[in-house]
Every structure is written in structure tokens, then in C-alpha cells.
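Since the model is a prediction, treat every value here as computed from it, not as a measurement. Just so it is clear: chains get the letters A, B, ... in the order the sequence lines come, proteins before strands, and each one is counted from 1.
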2 protein chains.
Amino acid sequence: MALTAAQHRVVTAATQLFARHGVGGTSLQMIADELGVTKAAVYHQYKSKDDIVLAAASAELARLRTVVESATTRDELLAGMVDLAVAGRRTAGRMLNDPVVVASFAHDKKFREVMHKMRALLLGDDHSRGAQVRVAMLVAAISGAVMHPFVIDLPDETLRRELLALANRLID
Amino acid sequence: MALTAAQHRVVTAATQLFARHGVGGTSLQMIADELGVTKAAVYHQYKSKDDIVLAAASAELARLRTVVESATTRDELLAGMVDLAVAGRRTAGRMLNDPVVVASFAHDKKFREVMHKMRALLLGDDHSRGAQVRVAMLVAAISGAVMHPFVIDLPDETLRRELLALANRLID
DNA sequence: GTCTATAGTGCGATAGAC
DNA sequence: GTCTATCGCACTATAGAC
């Protein structure tokens with residue numbers, strides 16, 4: 001889990017490229033070129049492309065986890081989620097929608113724990129199916145809206161403010 | 001725009017595979033195998049992979065366009081959008097989030113027209129930046145929520161009902 | 001930690017027969 | 001409309017020197 005400096009560079013470059021071209025559309029050559037090194041140097045850090053995908057996805061999940069676990073109120077959580085999404089609007093956001101990444105998360109224990117804690121903080125004791133749809137919709141709305149062509153030119157702060165207001169409306 | 005029967009088969013198979021593996025993660029061999037033919041037979045219908053991506057994306061946009069243009073009230077539009085998303089929850093939904101597809105749509109004239117009409121019907125004369133964020137968030141929420149791991153086991157009708165209620169709450 | 005060099009595979013795409 | 005066969009290339013991944 002603790003990344004070396006070189007591993008961190010690989011994951012950062014990979015995350016940006018995954019967002020721009022998709023996971024399947026990103027080659028190790030592209031990652032190496034982005035870093036100004038050869039493919040072999042990248043392979044020295046991760047022994048396969050799958051490992052890089054996993055590391056990049058895990059790094060994003062860890063960020064979300066930090067937000068969820070450091071929040072003590074619903075308002076804090078919503079603000080943290082919006083901040084995270086806005087910060088990654090050009091990079092991480094799209095990657096988390098990639099079919100390959102989604103499939104690897106769907107049954108991941110940590111992912112489910114984070115989502116469970118999120119639902120508990122947002123909706124309390126409500127365990128109905130409606131509550132699940134509501135959490136799913138909130139997550140999708142926040143992470144999806146930041147990448148929509150319609151808002152691509154909005155400054156971060158404007159986007160943040162509007163998203164937060166709407167997120168509150170959705171969950172109230 | 002009018003597809004032959006063979007072209008329709010190619011686009012249908014491609015859409016399913018794009019949703020499962022991403023655009024970049026889907027090869028022409030996979031599409032050919034899905035159809036039980038050879039790559040050359042697929043190439044006879046479309047002269048490049050890009051053309052297939054474009055045709056699949058256009059078909060989805062055309063569906064959305066039909067919904068938007070046949071709706072006369074806000075409620076009709078929301079219901080149509082939810083129905084479309086639920087119908088394609090296993091196929092089209094994910095494809096429309098692919099970076100390659102999104103990039104091709106961002107400056108597409110028809111796409112922008114559809115989005116414009118959508119905003120007009122949802123929010124009337126409100127042309128503020130907030131209104132744009134609201135439309136972006138609504139689209140993202142509906143199309144993203146149907147694919148979230150949390151709701152993957154919900155029956156279509158339950159998902160439809162919950163989504164519609166929440167969509168109304170977001171736009172009211 | 002990075003390099004050169006290379007193996008082996010699958011890719012997108014084309015030619016031409018049926 | 002589908003086939004067989006093939007081209008040239010880019011891909012993932014590895015070996016071994018520095």
C-alpha cells in the first residue's frame with residue numbers, strides 16, 4: 001500500500017491517461033512516454049498493467065475512504081465528497097467509471113465498507129432499497145456531474161458551491 | 001444513419017461489449033466472435049473501429065433525442081430519461097461514460113441541441129450557471145445510478161420508481 | 001532505477017475468392 | 001455478406017547490462 005516515489009509517479013501518470021483514454025485505451029508505452037522513461041522502467045515498478053490499474057484504483061478508493069472516515073456529520077461528508085470530486089474532475093473521476101475498475105470494486109471488501117459507512121452517515125438507520133438507490137444516485141450525481149461537458153468551463157469554486165447545494169437537496 | 005440489418009447486429013454487439021470492457025478494451029475480434037463471424041465480415045459493414053464506435057454512440061444519442069423531442073412537459077421528460085437509462089442499465093449506460101465517446105460528443109452539434117432542449121424543458125428560462133450544473137447533475141445522477149454496484153440486483157421497476165422520485169426532487 | 005534488445009501475441013486493416 | 005490469408009505494427013512482458 002505504501003508507494004515508493006517512483007511508484008507514485010507511475011500511478012499519477014496512469015491515472016491521468018486512464019481518465020483521458022480509458023483503461024483499455026492506455027498502453028504501457030503511453031505511461032512510459034508520459035514519464036519520459038522506457039516501458040522496462042515502468043515494469044520494474046509494477047509487474048503487469050493490471051497491477052497499475054489496481055494501484056491507481058486503490059489510491060482513489062483510499063482518498064474516498066479518508067473522506068468518509070474523517071467525517072462525523074452528514075454535512076462534513078457531503079462537503080468532503082464534493083471537494084474530492086472537484087479536485088479530480090480532470091483525472092480520477094472518469095477512471096472510476098471505467099467498466100474494468102467498476103467490476104474490480106463491485107465485490108471489493110474495502111469498497112463495500114466505505115459505501116456502508118457512507119450510507120450510515122447520510123441516511124442513518126434507513127436500510128430500505130430506496131436508501132440504496134439514494135446513495136447510489138448521490139455518488140453518481142457528484143462524480144458524474146463534475147465531468148459533464150456542460151460544466152467543463154466552470155471554475156472549481158463555482159462548481160463546488162452548486163454541487164454542494166444540490167447534493168444537500170438530494171439527500172434531505 | 002439508416003442501418004442495414006447487418007449493421008444493426010454489429011452495433012448491438014459492439015454496444016454490449018463496450019459496456020463490459022470499455023471502448024479501448026474491445027477488439028474487432030471480440031465483436032466478430034460475439035456475432036459468430038470473422039473480422040473481415042465486420043469490416044465489410046464498417047470500414048474502421050472508429051466508425052463502429054461512432055455508430056454505437058450515435059444510436060444512443062438518437063434514443064435520447066427521441067425522448068427529449070417527444071416530451072412536452074417536464075414530467076414526461078424525466079420519466080422518459082429514467083426509462084431509457086433503466087432499459088440500458090446493462091449496456092448503453094456505461095458506454096456513454098467512456099472518455100472516447102464523451103470527447104466525441106462534447107462538441108457535437110446534435111448532442112448540444114438535445115442538451116439545450118433538455119435544459120429548456122427542465123428549467124424553463126433559467127440560463128444561469130447553476131441551471132447548467134443542475135442539468136449536468138441530473139443527467140449524471142440518472143445515467144450513473146443505474147449502473148452502481150449498489151443497485152445492480154434491484155428489479156427494473158423498483159429502480160425506475162425510486163429514480164423518478166429522486167430526479168423530481170433534484171429538479172424541483 | 002533505468003536502459004537496450006527481444007520474444008511472442010494480438011491488433012487494426014486489406015486483398016481477393018466464393 | 002462472408003470467407004481465408006496475410007501484412008505491418010503495437011502491444012504486454014522478460015532478460016540482462018549498467
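Ion pairing between A:D172 and B:R169 fails under the 4.0 Å rule for side-chain N and carboxylate O. A salt bridge is absent between A:R63 and A:D83; no separation between the charged side-chain nitrogens and carboxylate oxygens falls under 4.0 Å.
Counting only heavy atoms from C-beta on, B:Y43 has its side chain closest to C:dA13 among C:dC11, C:dT2, C:dA13. Listed nucleotides C:dC11, C:dT14, C:dG1 differ in distance to B:A40; the shortest reach to its side chain belongs to C:dT14.
Phosphate proximity of D:dC11 to A:S27: present, with a side-chain N or O under 4.0 Å from OP1 or OP2.
Rounded to an integer number of Å, the gap from B:L35 CG to D:dC3 C1' is 15 Å. Here C:dC11 presents its P atom at 16 Å from CG of B:D50, a figure rounded to the nearest Å. Between the NZ atom of A:K49 and the P atom of D:dA10 there is a distance of 16 Å, given to the nearest Å. For the pair B:H44 NE2 and D:dC3 P, the computed distance is 12 Å after rounding to whole Å. Computed from coordinates, the B:I52 CD1 to C:dC11 P distance equals 13 Å when rounded to whole Å. Between the CD atom of B:Q7 and the C1' atom of D:dT2 there is a distance of 15 Å, given to the nearest Å. Protein atom CD of A:Q45 is 7 Å distant from nucleotide atom C1' of C:dG1, rounded to whole Å. The CG atom of A:L28 sits 15 Å away from the C1' atom of C:dT2 (whole-angstrom rounding).
Counting non-hydrogen atoms under 4.0 angstrom, A:K39 reaches a base of the nucleic acid. Contacts of B:T38 with the nucleic acid, taken as non-hydrogen atoms under 4.0 Å apart, include base atoms.
For the residue pair B:D126 / B:S128, a side-chain donor-acceptor distance below 3.5 Å is found, with atom types taken as modelled.
Relative orientation of the B:H127 and B:H116 rings is tilted, given thresholds of 30° and 60° on the angle between their planes.
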